[in-house]
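What follows is a set of notes on a single structure, which appears directly below.
Just so it is clear, the values below take in all heavy atoms, side chains as well, and ignore hydrogens, waters and symmetry mates.
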Amino acid sequence: MREALNEFLVVLAYSTKTQLAVIFGLAFFVGTMVAGDYFTSHLEIHGILAPLTDVVREKIAHRYDKAALASLAGFLLLAVKCYKKDRKRLLRF
């Protein structure tokens, strides 16, 4: 178990693409969540449809959540792909 952890950390340390994919995944996830919170908190409907403001906010916030999770999943899949490629290159498997 200890060897597997060492191998993982060594490959991760030398794999710049994997590191960037993980960092970008987290950055885009947090950025999308913050942007969604900002835009939905400033959303206000005037007039007759004003009571629907909360429903529309929830729908839009849910879409921002899905977009943030999709970007995180996409970048994590890219990180796994880059990790496998660099593991094969570094350890000659």
Side-chain angles (χ1 to χ4, degrees):
M1 181 68 180
R2 197 169 209 119
E3 293 83 21
L5 181 61
N6 276 344
E7 176 184 312
F8 173 75
L9 291 176
V10 166
V11 173
L12 186 62
Y14 286 105
S15 177
T16 307
K17 290 179 186 178
T18 304
Q19 293 171 4
L20 287 175
V22 170
I23 290 170
F24 281 143
L26 292 174
F28 276 95
F29 176 76
V30 171
T32 305
M33 293 297 286
V34 168
D37 183 51
Y38 175 78
F39 289 129
T40 57
S41 67
H42 287 81
L43 178 70
E44 188 173 332
I45 301 175
H46 300 284
I48 296 174
L49 298 176
L52 294 176
T53 302
D54 291 333
V55 175
V56 172
R57 276 186 188 155
E58 289 177 16
K59 290 282 189 183
I60 293 173
H62 184 66
R63 288 193 181 198
Y64 272 104
D65 292 344
K66 286 168 70 173
L69 287 174
S71 69
L72 180 64
F75 276 110
L76 288 180
L77 285 175
L78 178 64
V80 168
K81 180 182 172 187
C82 291
Y83 174 82
K84 287 181 178 180
K85 187 177 179 182
D86 286 337
R87 180 177 180 264
K88 189 181 290 186
R89 179 181 56 90
L90 290 170
L91 301 177
R92 305 277 189 240
F93 283 120

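Taking NZ from K85 and CG from L90, the interatomic distance works out to 12.0 Å, rounded to the nearest 0.5 Å. To the nearest 0.5 Å, the span separating CG on D65 from CE on M33 amounts to 4.0 Å. Atom OG of S71 sits about 14.0 Å away from atom NZ of K66, to the nearest 0.5 Å. Atom CG of L12 and atom OH of Y14 lie 12.0 Å apart (nearest 0.5 Å).
In terms of the side chain to side chain donor-acceptor pair (under 3.5 Å) criterion, residue partners of S15 (sequence neighbours excluded) are, by chain and number, T18, D86. Partners of L9 according to the side-chain contact (heavy atoms from CB on, under 4.5 Å) rule, which considers only residues two or more places apart in sequence or in another chain, are L5. For Y38, the side-chain contact (heavy atoms from CB on, under 4.5 Å) partners are H42, not counting sequence neighbours.
Tracing side-chain contacts under 4.5 Å through hydrophobic residues (I, L, V, M, F, W, Y), one never reaches V34 starting from Y64; they form parts of separate clusters. A continuous path of Ile, Leu, Val, Met, Phe, Trp and Tyr side chains, each step under 4.5 Å between heavy atoms, connects I45 with F39, placing both in one hydrophobic cluster.
Checking side-chain atoms of E44 against main-chain N and O of T53 turns up no donor-acceptor pair under 3.5 Å.
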Show me the side-chain donor-acceptor pairs of residues 55-63 shorter than 3.5 Å, one per line, residues at least two apart or across chains.
from: R57; atom 1: NE; to: T40; atom 2: O; distance (Å): 3.1
from: R57; atom 1: NE; to: L43; atom 2: O; distance (Å): 3.1
from: R57; atom 1: NH2; to: L43; atom 2: O; distance (Å): 2.5

Let me have the donor-acceptor pairs involving side chains of residues 20-27, under 3.5 Å, with sequence neighbours excluded, atom names and distances please.
none

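Using a 4.5 Å cut-off on side-chain heavy atoms (C-beta onward), L76 and V80 make no contact.
Applying the ring-ring contact (aromatic ring centres under 6.0 Å, His included) test to every pair with at least one member in residues 70-92, sequence neighbours left out, gives these pairs: F8-Y83, F28-F75.
Residues K17 and C82 approach most closely at CB-SG, 3.9 Å, considering heavy atoms.
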